[in-house]
Every structure is written in C-alpha cells, then in structure tokens.
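Sequence lines set the chain letters: A, B, ... in the order given, protein chains first and strands last, and positions in each chain run from 1.
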Amino acid sequence: MTTLHLYNTYSRKTEEFRSIHDKIVGLYVCGPTVYGPPHLGHVRGPVVFDVLRRYFLHLGYKVRHVRNITDVGHIVGDADDGEDKLQKQAALEQIQPMEVAQIYTLSYNEMIRQMNVLPPSIEPLASGHIIEQIEMIESIIKAGFAYEVHGSVYFDVIGYSKNHEYGKLSGRVLDDLMAGAGNESRELEGQDEKRNANDFALWKKATPEHIMQWSSPWGKGYPGWHIECSAMSRKYLGDTFDIHGGGMDLLFPHHTGEIAQSTACTGHNPANYWMHHNMITINGQKMAKSLNNGIQVTELFSGNHPLLEQAYSPMTLRFFILMAHYRGTLDFSNEALKAAEKGLQRLFNAAELAKNLVASDSSDFDIKSIETSIYASLNDDLNTPQAIAQLFEAARITNVVNDGKGKINAEGIQLLQHIFSEILTNILGIIPESNTSNNALDGVMQMLLNMRKQAKEEKNYALSDQIRNQLSELGFEIKDGKDGSSWSLV
RNA sequence: GGUCGGAUGGCCGAGUGGCUAGGCACAGGUCUGCAAAACCUUUUACAGCGGUUCGAAUCCGCUUCCGACCUCCA
C-alpha cells in the first residue's frame with residue numbers, strides 16, 4: 001500500500017485514511033482513570049497511538065493529539081455501595097481525592113515518558129471541564145434524548161435507537177442488550193430511576209458523602225463516565241474530527257455512549273475513524289486481580305515481581321509492544337520479553353555499525369526495496385511487526401557488509417542509515433537507553449579493562465581471567481571484541 | 001445466555017489461495033589464550049474433521065478449546 005490505510009472499527013473495514021483538513025489530523029485517545037498505579041494494561045494504548053502520531057508527523061501532517069485524564073470517579077460496579085472510585089481510594093489512604101488523581105497522573109506520565117511517548121498536545125482533565133459537560137448534557141436534553149430523574153440525568157437509549165444505530169460500533173443489537181440487561185447480580189445505584197435498564201447516566205446526583213461534586217442545573221452531582229470524552233473532544237477537536245482511539249474494552253459501553261451523546265447533540269458521529277487496540281495477557285491468561293498476575297509498570301522496570309525473572313527496560317517494553325500488531329492480543333512472558341530485549345540490542349548494534357560502513361562501487365543488496373516494504377507495512381494498518389522484520393533484514397545486511405562478506409555502495413549506506421534513523425528512531429520511537437553508569441564508573445571500568453588488556457598482552461592469563469571473573473561476580477559482563485573490550489551491567 | 005475476536009514450529013509473533021515472515025531458543029560455523037559476547041548459516045508449523053479448488057495456514061461448514069465485552073476496566 002502506498003498510502004496509509006487504517007482499520008475502522010465503526011465500518012469493520014480497513015479504509016484509506018483521509019483527513020478532514022489538508023495535512024492536519026485531530027486525534028483523540030481515551031486516557032487513564034487515575035485512581036491506581038499504572039499497570040501493563042495501561043501501556044499499550046499510549047505506545048500504539050504514539051507510533052501512529054509519529055507516523056503522521058513523518059508523513060507531513062500536523063497532529064493535534066488530545067488524551068484525557070479521568071480524575072472524576074465513576075460508579076463502582078462491583079462494590080455494594082456505589083461510591084465514587086476516587087473517593088474510595090482516598091478514604092483508604094486518608095488523602096484528598098485530587099491528591100490521589102495527581103499522584104497517579106504523575107506516575108502515568110512518568111511511565112510513558114520513559115517509554116519515549118510524546119506528550120499529548122492537550123491533556124484535559126475531566127474535573128476541569130464540568131461546565132462543558134453540563135452544557136452538553138443540557139443540549140442533549142433539549143434535543144429530547146435525555147431525561148432528569150431526582151437530580152440525575154439519563155440518556156434515553158430506546159428513544160435514540162428509533163432513528164439511530166445505537167449498537168453499531170460494538171456490533172450489538174439493542175434487543176439483545178435489553179434481554180441481557182439486569183440479569184446479573186450487578187446492582188447499580190439508581191437503576192430503578194431509569195426508564196430502561198440500558199439507559200446510562202449523563203449526570204449523577206451526589207450523596208452528601210461524595211467529596212467530588214459540583215453544582216449543576218439538576219443539583220449537586222458529578223458527570224457520567226462517557227460525557228467527559230464527548231465534551232472534551234468536541235471542545236478541542238471540533239464536532240467532527242479524524243480519529244478516536246482506545247482499548248477494545250471501551251467499545252461498549254464507553255465509545256458506544258460517546259457516539260450516541262455526540263450524535264444526539266450534533267447530529268453525527270464525532271469521529272471518522274475509530275481505532276481500538278487489543279488487550280494484553282500474561283502467560284496466556286488475562287490479567288486480573290483474582291489471578292494475582294497484575295504487574296505494575298514500575299515492577300516490570302525494576303524486575304520486582306514474583307512472575308518476573310529479571311527487570312525489563314522501558315525501551316524493551318516499547319519494542320515488545322510493537323513486535324505484535326496492535327489489534328491482536330499481546331502475551332507477556334519472561335521468554336517473550338527476553339526475546340524482545342535481545343532482538344532490540346541486535347538492532348541497536350546494527351544501527352551503530354551502519355554509521356561507519358565503507359562504500360564499494362557496486363552493491364550486493366537492494367536496500368530500496370526494504371525501505372519500500374517497510375512503508376507498505378506501516379501503511380497497512382500500522383503493521384509494525386512486519387516493519388520490524390524488515391529492520392532485522394537491514395540489520396543483517398549491515399552486519400554482512402561490516403564483516404566484509406558483502407558489498408554496498410554509498411547510496412545503499414545512506415539508505416540503511418535513513419532506515420535506522422527514520423523508521424526505528426523517529427517513527428517507532430525506539431531510542432538507545434542511556435547507560436545507568438556515570439563518569440566515575442566509566443573511568444574505573446576503563447582502567448580495569450586496560451589493566452586486563454595489558455595482562456593479556458603479557459600472557460598473564462591468570463590475572464586477566466581474575467579481573468574478568470571478579471567483575472562478572474559483581475554483575476559486569478565483559479565483551480571482548482576485535483577493537484578491544486567493552487562492558488555492560490547485567 | 002447474547003455479541004465479537006482468536007487457535008501458526010520449543011516460546012513470542014507476521015502472513016489471507018501457489019512464492020523465506022521476523023525475533024528468541026536449539027544446532028553448525030567464524031572470531032578468540034580460554035570463555036563469553038558479536039556475527040554468519042540453519043531445522044521444526046499452520047487446533048481437529050469434512051468441503052470448494054489444479055492447488056488451502058489462507059475460502060466454506062461443523063467440532064473442540066481459549067479470550068474479550070454485556071453499564072469499573074487499558
């Protein structure tokens with residue numbers, strides 16, 4: 001494919017991407033609810049949409065990327081009291097709800113910064129857009145698609161579906177939803193106020209115990225879960241924008257609700273393309289509290305978790321995520337992560353070598369076709385694993401040429417360098433991680449390596465091996481190459 | 001129960017009718033005082049049964065298993 005195509009969940013087809021405005025893209029991605037530390041499930045979306053954004057930039061688009069922070073709690077479904085999720089956590093830790101939100105907003109942003117995810121253009125807080133949400137609810141009421149009961153406002157799903165396809169995005173039929181609704185133990189607060197069990201809250205009346213509540217035309221309360229994204233995407237990207245993204249778990253009800261709300265308000269679907277990344281699994285199982293396999297991102301980075309055999313770096317995690325296509329499930333295991341770690345190192349090594357290749361008059365390799373197929377892969381719904389496979393081919397060629405077992409001309413070298421710098425670094429966002437060492441440590445290590453080199457030259461292998469073995473015990477790995485030795489911390 | 005999506009070699013993971021995915025591991029080799037590292041080469045596959053076709057991992061049907069969602073979710 002020579003132009004970018006993306007899979008649109010709304011049409012269930014891969015479509016050619018065409019922006020509403022020439023060379024400008026509006027991208028809205030659902031961000032985290034900041035009530036707990038970020039776990040592995042939180043990282044995939046940011047990385048996937050970061051690559052999409054970087055690719056747009058590469059293609060010459062200007063991108064406005066909006067990613068919200070949900071700091072307004074929602075009803076807790078599995079609790080018996082329906083209290084605000086943020087409030088609950090706050091009570092547990094004896095701190096303010098906004099303090100909880102702040103702590104986890106910071107840790108979320110720190111996490112994705114380490115993974116080289118570009119910060120969004122705008123990162124709006126739900127709590128900072130209560131007025132916009134209230135205004136939107138009012139216009140939905142005015143349009144006749146919502147009703148107020150005892151200080152709460154609900155979206156009228158039945159009324160809406162008379163002239164709209166409510167369940168289209170998620171492939172659901174309203175009759176099925178109605179048959180399934182309310183047949184479980186799940187008892188939501190205010191369920192009996194609704195005209196229909198499928199109606200969802202736009203605004204919820206707050207009880208006095210609710211710390212987070214705001215004044216509204218319907219009394220003190222707080223916004224429903226879906227309205228924030230509708231209100232904020234509309235404010236910053238307009239009534240219609242290009243892409244709305246998120247996890248597949250948001251398909252229903254969140255994005256379904258968003259489409260209904262916006263349509264009720266503006267008359268049409270807010271986004272032209274709906275993109276959804278798949279979920280992750282751990283050792284083939286879903287990540288769940290009950291399975292005790294929930295891994296926090298900081299635990300992955302430190303290796304401090306019973307399921308982890310070692311620490312994995314942020315860049316390893318990023319690369320690992322991109323080795324799978326975003327619409328498939330992604331399985332975490334030590335074996336798979338280690339494979340990603342080693343493979344990534346191989347690419348980094350080759351990217352370094354490519355900077356110093358010697359040109360020949362002729363070339364044994366067709367680098368241009370590699371580049372072409374990389375772009376074809378990215379254009380095909382962001383097929384990063386295929387693109388990465390081609391990067392490994394470029395790495396292999398680089399190594400062969402570097403070993404003097406193949407020839408390449410100056411143009412080929414330039415292309416190789418371009419592939420590593422543009423594709424690997426700029427589009428995939430994979431950058432070498434700075435060594436955790438400092439200057440003093442570097443100096444000491446260089447000294448030891450020099451001493452060992454001298455011992456080797458004097459054929460004092462007892463001493464050279466002693467240096468290597470003792471360093472090894474301390475966790476340093478010594479690598480002897482043609483041009484001297486190097487070291488790394490294992 | 002309803003809806004949707006899966007099942008690919010030891011592990012991860014692309015591929016949608018004929019042509020090598022790729023990474024890691026394993027194995028062989030190069031290099032090396034030795035070892036490691038690095039590099040090169042390379043074997044094993046398409047859940048099961050049936051059908052369509054000259055030809056199926058790919059299309060169709062059935063079966064088995066797995067997952068997600070069904071008003072907290074990334």
Side-chain angles (χ1 to χ4, degrees), chain A residues 12 29-33 35 38-46 73-79 85 157 167 170-173 175-177 179-184 186 188 191 194 197-201 224-226 246-254 256-257 276-281 284-288 319-320 323-325 327-347 349-350 353 377 383-393 395-396 398-400 402-403 405-406 456 459 461 464-465 468-469 472 477-482 485-486 488:
Chain A
R12 307 211 169 253
V29 179
C30 289
T33 303
Y35 68 96
H39 57 69
L40 290 185
H42 287 113
V43 301
R44 195 173 192 187
H74 302 303
I75 307 298
V76 176
D78 53 358
K85 192 189 271 179
V157 170
S170 53
R172 266 155 234 257
V173 180
D175 288 346
D176 295 334
L177 288 171
N183 66 351
E184 305 209 352
R186 215 186 280 269
L188 285 169
Q191 194 72 299
K194 296 182 187 176
N198 290 292
D199 291 353
F200 57 88
W225 176 32
H226 318 307
M248 278 185 184
D249 52 339
L250 298 178
L251 229 39
F252 187 91
H254 185 56
T256 302
H276 295 91
H277 63 83
N278 215 318
M279 306 288 101
I280 65 151
T281 55
Q285 286 186 300
K286 68 170 174 176
M287 194 169 76
F319 185 64
F320 177 68
M323 288 225 300
H325 188 255
R327 285 197 290 119
T329 52
L330 173 66
D331 190 50
F332 278 75
S333 65
N334 281 288
E335 265 189 302
L337 283 162
K338 280 184 207 168
E341 184 179 53
K342 295 204 73 165
L344 179 60
Q345 198 54 51
R346 183 173 154 83
L347 287 182
N349 289 345
L353 287 177
S377 299
N383 194 328
T384 52
Q386 268 191 356
I388 287 171
Q390 292 300 313
L391 285 177
F392 278 109
E393 176 64 11
R396 200 197 107 247
T398 301
N399 289 327
V400 167
N402 185 60
D403 287 351
K405 290 171 183 164
K456 281 169 69 174
K459 299 210 188 298
Y461 295 124
S464 70
D465 286 354
R468 183 176 66 196
N469 293 340
S472 168
E477 185 177 45
I478 304 307
K479 300 166 184 172
D480 291 345
K482 273 182 181 163
S485 303
S486 63
S488 64

Check your understanding: Is the shortest side-chain N/O distance from N383(A) to OP1 or OP2 of rA14(B) below 4.0 Å?
Key -> no
Check your understanding: Separation of D331(A) atom CG from rG67(B) atom C1', in whole Å?
Key -> 11 Å
Point to revise | Gap separating the CZ atom of R44(A) from the CD1 atom of I280(A), nearest 0.5 angstrom | key: 8.5 Å
Exercise for review: For rG33(B), take OP1 and OP2 only and decide whether either is under 4.0 Å from a side-chain N or O of S464(A).
Suggested key: no
**Study point:** Value in whole Å for how far the P atom of rC12(B) lies from CZ of F320(A)
**Key:** 10 Å
Study note, to complete from the structure: dist H277(A):NE2 -> R327(A):CZ (nearest 0.5 Å) comes out at 13.0 Å
Exercise for review: Assess whether one donor atom and one acceptor atom, taken from the side chain of T281(A) and the base of rG67(B), lie less than 3.5 Å apart.
Suggested key: no
**Study point:** Check: rA35(B) base within 3.5 Å donor-acceptor of R468(A) side chain
**Key:** yes
Practice item. Check whether any side-chain nitrogen or oxygen of N402(A) sits under 4.0 Å from OP1 or OP2 of rC39(B), and answer yes or no. Key: no
Review point. Separation of H325(A) atom NE2 from rU8(B) atom P, in whole Å?
Key: 18 Å
Practice item. Keeping the roles fixed (side chain from S377(A), backbone from T384(A)), state whether a donor-acceptor pair exists under 3.5 Å. Key: no
Practice item. Return yes if the base of rA35(B) and the side-chain atoms of D480(A) contain a donor-acceptor N/O pair under 3.5 Å, otherwise no. Key: yes
